[in-house]
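Bear in mind the structure is a predicted one, so any value in this text is a computation, not a measurement. Labels below follow one simple rule: chain letters A, B, ... track the order of the sequence lines, proteins then strands, and each chain is numbered from 1.
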There are 2 protein chains.
Amino acid sequence: MGRRSDHTREELRALFIGEGHAHLAQVGLAKFSGREVAKRVGYSVGTISNLFGSVDGLIVAINSRSFELWAQILRDRLESATDDRIAALVDGYFAFAEQSPELWSAIYAHRLPEGLDLPEEDKARRAGLTQIVEDEIRTVLPADTDADVVRLARSLVAVVHGHCSFVVSGSFALLEEPDPQGAALARVRESLAAHGYCAEDFRSDSGLGDSENRGSL
Amino acid sequence: MGRRSDHTREELRALFIGEGHAHLAQVGLAKFSGREVAKRVGYSVGTISNLFGSVDGLIVAINSRSFELWAQILRDRLESATDDRIAALVDGYFAFAEQSPELWSAIYAHRLPEGLDLPEEDKARRAGLTQIVEDEIRTVLPADTDADVVRLARSLVAVVHGHCSFVVSGSFALLEEPDPQGAALARVRESLAAHGYCAEDFRSDSGLGDSENRGSL
DNA sequence: ACCGATTACTGAACGGTGTTCAATATATTT
DNA sequence: AAATATATTGAACACCGTTCAGTAATCGGT
């Protein structure tokens, strides 16, 4: 039964994204079902095609929302960080992945079918995350550094991402690593140091995972 | 029509893995179809369940084979490397991912359904890759290094993996990076240097991608 | 050489998926 | 009030992975 005036098109999209987000977090991308989401929202199957073009379109929208939640976590950590803002960033990166592993891996597991790629709007929404990191890296490096800050910042995101990816996927390489997040942070510090970052002796007051990591690694 | 003596069970598994490998490389994990593989091999649908337990089991076997091909690429690069063996490793890591992006991402996109995890046999087959890296890292660091070589080596694999992952998935962070592989290598060198690795001045004779990268990054 | 027991394989049935699209119910305009 | 335009449905379709009774091929014992 069509209930045309219950919601605007945007409200309806928000409903599907919200319910889809919950469903994705529960069952993961492999078992994600657009039909199930439609059933939960109380609309029929075909509505997804109307609103998002396809189930892939819905997943793109859900993932973009994940990016925004993720970026907000980073901002929260930065705000409550006392001194070590780099550690706060790494912490925030891992925090989202570990508290919502299905949402996190869906971001990287989902691939658009050949042909179409990400809508510009979604690209913009997702860029916020790297922007936060870029700003912090720029702050922490000397003003006259020889590094290309934008490229270095994104490369450091990749460094952290690699560790995080291995943790979430339970992958071969880091199975026996007791402190992957500490390892990621150590690598980031080493690269930053190579470009003029003064470590400011965080060795004493950073988290225990880190201090435990420093001696041996 | 059962053709019982055409192949031994192992031969038949090899047939499915081979054909499945080709199919996966063509269409990617999202569109992978066990039915299609069975059709290509010339056996019926249910045979996959007999041989591998489920389609997931077949994919696990295919991915383990990918690991072996990948490890062989690393060994080849090392063998033909003149001096810079670290660069050769990074190059091999990227080479497989870029020449077979679907196979590479299937390794990380595939997740076993809740409950069962990787058979021991597959874990062993996949560990070969990291072993190669560990051996090289150990060689290149001073004998009296303070680093835990095993943990550092795996962390460096994660560093390269992160860059590679962003490249293959076309992800937001490295879209405008002209030389992701060079960036990965630069990060690895920086971390190795922090643990006593003497760079031996590769600046002059390494690939141009690397030299172009060094000045600005 | 034959015959029962065992194994390999089939293929139809089942419940699920995403997409499509004629039909319908609701808004909007004239 | 009538005509037009839009939103939503839901059945049909083709595909997916899993299951399992049934059948064909081989093996082991006599």
*Asks:* Between D:dT9, C:dC9, C:dT19, which one does the side chain of A:V45 approach most closely?
*Replies:*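 Output: C:dT19.
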
*Asks:* Quickly work out the A:F52 CZ to D:dT8 P distance and round it to whole Å.
*Replies:*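 A:F52 atom CZ is separated from D:dT8 atom P by 12 Å.
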
*Asks:* Considering only C:dT20, C:dG11, D:dT9, which nucleotide approaches the side chain of A:S49 most closely?
*Replies:*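 Nearest listed nucleotide: C:dT20.
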
*Asks:* Just jot down the salt bridge (Lys or Arg N to Asp or Glu O under 4.0 Å) partners of A:E98, sequence neighbours excluded, or say none.
*Replies:*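 Once residues adjacent in sequence are excluded, A:E98 has no partner under the salt bridge (Lys or Arg N to Asp or Glu O under 4.0 Å) criterion.
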
*Asks:* Would you call the rings of B:F32 and B:H23 parallel, tilted or perpendicular, where under 30° means parallel and over 60° means perpendicular?
*Replies:*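 B:F32 vs B:H23 ring planes: tilted.
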
*Asks:* B:Q131: which residues meet the side-chain hydrogen bond (donor to acceptor under 3.5 Å, both in side chains) condition with it, sequence neighbours left out?
*Replies:*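 Testing B:Q131 for side-chain hydrogen bond (donor to acceptor under 3.5 Å, both in side chains), a comparison that skips the adjacent residues, returns B:D135.
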
*Asks:* Please name all residues satisfying salt bridge (Lys or Arg N to Asp or Glu O under 4.0 Å) with A:E19, sequence neighbours left out, ordered by chain then number.
*Replies:*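 A:E19: salt bridge (Lys or Arg N to Asp or Glu O under 4.0 Å) contacts with A:R40.
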
*Asks:* Atom CD1 of A:I59 to atom C1' of C:dT17: distance rounded to whole Å?
*Replies:*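 Distance check: A:I59 CD1 to C:dT17 C1' gives 12 Å.
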
*Asks:* Can you pull out the residues from residues 23-38 of chain B that lie within a 4.0 Å heavy-atom distance of DNA chain D?
*Replies:*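 By residue number: B:F32, B:S33, B:G34, B:R35.
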
*Asks:* Give the ring-plane orientation class for A:H161 versus A:Y93, where under 30° counts as parallel, over 60° as perpendicular and anything between as tilted.
*Replies:*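 Ring orientation of A:H161 relative to A:Y93: perpendicular.
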
*Asks:* Tell me: CG of A:N50 to P of D:dT9, nearest whole Å?
*Replies:*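 Atom CG in A:N50 sits about 9 Å away from atom P in D:dT9.
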
*Asks:* Taking the minimum atom-to-atom distance to the side chain of B:Y43, which one of D:dG17, C:dT19, C:dT10 wins?
*Replies:*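 Of the candidates, C:dT10 comes closest.
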
*Asks:* What pairs of donor and acceptor atoms, side-chain ones from residues 46-57 of chain A against any protein atom, are under 3.5 angstrom apart with sequence neighbours left out?
*Replies:*
residue : atom : partner : partner atom : Å
A:T47   : OG1  : A:S44   : O            : 3.1
A:S54   : OG   : A:D56   : N            : 3.3
A:S54   : OG   : A:G57   : N            : 3.3
A:D56   : OD1  : A:H110  : NE2          : 2.7

*Asks:* Nearest to the side chain of A:L12 - D:dT8, C:dG18, C:dC9?
*Replies:*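 The nucleotide sitting nearest to the side chain is D:dT8.
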
*Asks:* Whole-Å distance between D:dA7 C1' and A:R9 CZ?
*Replies:*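 Spelled out: CZ on A:R9 to C1' on D:dA7 is 9 Å.
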
*Asks:* What does A:D56 touch in the nucleic acid at a heavy-atom separation under 4.0 angstrom: a base, only the sugar-phosphate, or nothing?
*Replies:*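 The answer is nothing, as A:D56 stays clear of every strand by at least 4.0 Å.
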
*Asks:* In whole Å, I'd like the distance from the CG atom of B:L51 to the P atom of C:dC9.
*Replies:*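 Computing the B:L51:CG to C:dC9:P distance gives 7 Å.
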
*Asks:* Mind checking what makes salt bridge (Lys or Arg N to Asp or Glu O under 4.0 Å) contact with B:E11, not counting sequence neighbours?
*Replies:*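 B:E11: no salt bridge (Lys or Arg N to Asp or Glu O under 4.0 Å) contacts found.
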
*Asks:* To the nearest angstrom, how far is A:I48 atom CD1 from C:dT19 atom P?
*Replies:*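 Distance, rounded to whole Å: 8 Å.
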
*Asks:* Roughly, in whole Å, what's the span from CZ in B:F16 to C1' in C:dC9?
*Replies:*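 Rounded to whole Å, this separation is 10 Å.
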
